[in-house]
> 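This is the structure I have questions about; it appears just below.
In this chain, residues are counted from 1 in sequence order. Everything quoted here is computed from the prediction, not taken from an experiment.
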Amino acid sequence: MVELKHLCASYPEGEVLHDISLTFRPGKVLVLLGPNGCGKSTLLRSVLGLVKRSGGELLLDGRPVEEMTAREVAQKVAYLPQSRPVPNITARRMVLHGRFPYLGYPRRYRSEDYEVVREALRQADAESLAGRLLPQLSGGERQRVYLAMALAQSAQTILMDEPTAYLDVAHQMELMQLARRLAEEGKAVVLVLHDLCLALRCGDEAAVLSGGRLVRWGTSEEVYGSGILKEIFGVTVRRISAPDGWRYYYD
């Protein structure tokens, strides 16, 4: 479990996250919502230590992150960023990078590492891409490979920054179903999403950021009913009942 207690984070030009208290809970899908530039990506990066924390506490399974090595953090938290470099290696080799936190030096992959990678590729619907070079893949195909790499990390908390980018509608829905399955397995899944309707439909919880501050956090039902989405985004979201739950739409 990841706990943020009054967290503040800064870039050289100044503080960008202010007094944020939030928990990434096992068994839950949490969606981070907010306008561009509000601090969603910075929040995820601060958990990994990629952005300087200037105040507050950050606990991983109850332990202050300052007491942990980078390897220990990587074994607990996996991160799928918005974008990353595209090296000229095969998809399988890229996914194997997710096993780095469990290897010594020099890195020698074990049979169990290859098995984890095979399963991660299957879960991400990327098995057919395993032998292909990354530069030869489309944006959506690469996104599925990067997702597999995050899954191969075998962490209990998975952070995904705009994971539906580049994916077609079918693969977007598959990804959200995968997020739900991972939560059902006991993982904490955190997604930055721009599609409010998709977020409300698939998330157990939602946290709304604005101006670097947390302005609302609760169940998706609570956030929908609070009126905060209209206030922050200037759009009206409505819903209708369907056999498998609520369907949200923009009015």
> With Arg71, which residues qualify under side chain to side chain contact (heavy atoms under 4.5 Å, CB included), at least two apart?
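Arg71: side chain to side chain contact (heavy atoms under 4.5 Å, CB included) contacts with Thr69, Gln75.
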> So which pairs with a foot in residues 83-104 pass ring pair (Phe, Tyr, Trp, His ring centres under 6.0 Å), sequence neighbours left out?
His97-Phe100
> Can you list every side chain to side chain donor-acceptor pair (under 3.5 Å) pair that touches residues 31-42, not counting sequence neighbours?
Tyr11-Thr42, Ser41-Gln82, Ser41-Asp161
> Mind checking what makes salt bridge (charged side-chain N to carboxylate O under 4.0 Å, His left out) contact with Arg132, not counting sequence neighbours?
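By the salt bridge (charged side-chain N to carboxylate O under 4.0 Å, His left out) rule, Arg132 matches Glu141.
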> Counting only heavy atoms from other residues, nucleotides and ligands, does the tally under 6.0 Å from CZ of Arg99 exceed 12?
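More than 12 within 6.0 Å, yes.
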> Determine whether Val145 and Tyr79 fall in the same hydrophobic cluster, where Ile, Leu, Val, Met, Phe, Trp and Tyr are linked whenever their side-chain heavy atoms lie under 4.5 Å apart.
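Not linked; separate clusters.
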> Yes or no on side chain to side chain contact (heavy atoms under 4.5 Å, CB included) for Leu58 and Arg53, after CA distance, side-chain angles and deciding distance?
CA-CA 9 Å; Leu58 175 59; Arg53 184 161 48 87; 3.9 Å; yes
> Taking the side chain from Gln172 and the backbone from Leu167, do they hold a donor-acceptor pair closer than 3.5 Å?
yes
> I'd like to know if Arg63 and Glu72 make a salt bridge, using a cut-off of under 4.0 Å between side-chain N and carboxylate O.
yes
> Check this for me, if you would: do Asp61 and Lys76 make a salt bridge, where the nitrogen-to-carboxylate-oxygen distance has to be below 4.0 angstrom?
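Salt bridge: yes.
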> When you measure from the side chain of Ser220 to the backbone N and O of Gly203, does any donor-acceptor pair fall under 3.5 Å?
yes
> Under 3.5 Å, is there a donor-acceptor pair between the side chain of Arg239 and the main chain of Trp246?
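Checking the backbone N and O of Trp246 against the side chain of Arg239, no donor-acceptor pair under 3.5 Å is found.
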> Just to verify, what does Glu115 make a salt bridge (charged side-chain N to carboxylate O under 4.0 Å, His left out) with, not counting sequence neighbours?
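Counting only residues at least two positions away or on another chain, Glu115 forms a salt bridge (charged side-chain N to carboxylate O under 4.0 Å, His left out) with Arg118.
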> Considering residues at least two apart in sequence or located in another chain, which fulfil the side chain to side chain contact (heavy atoms under 4.5 Å, CB included) criterion with Ala155?
Ala78
> Before accepting this row, confirm whether a basic side-chain N of the pair Glu185/Lys187 lies closer than 4.0 Å to the acidic partner's carboxylate O.
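Salt bridge flag = no for Lys187 with Glu185.
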> Indicate yes or no: does Glu119 engage Arg122 in a salt bridge with an N to O separation below 4.0 Å.
yes
> Any idea which heavy atoms bring Gln123 and Leu178 closest together, and the distance?
O-CD2, 3.8 Å
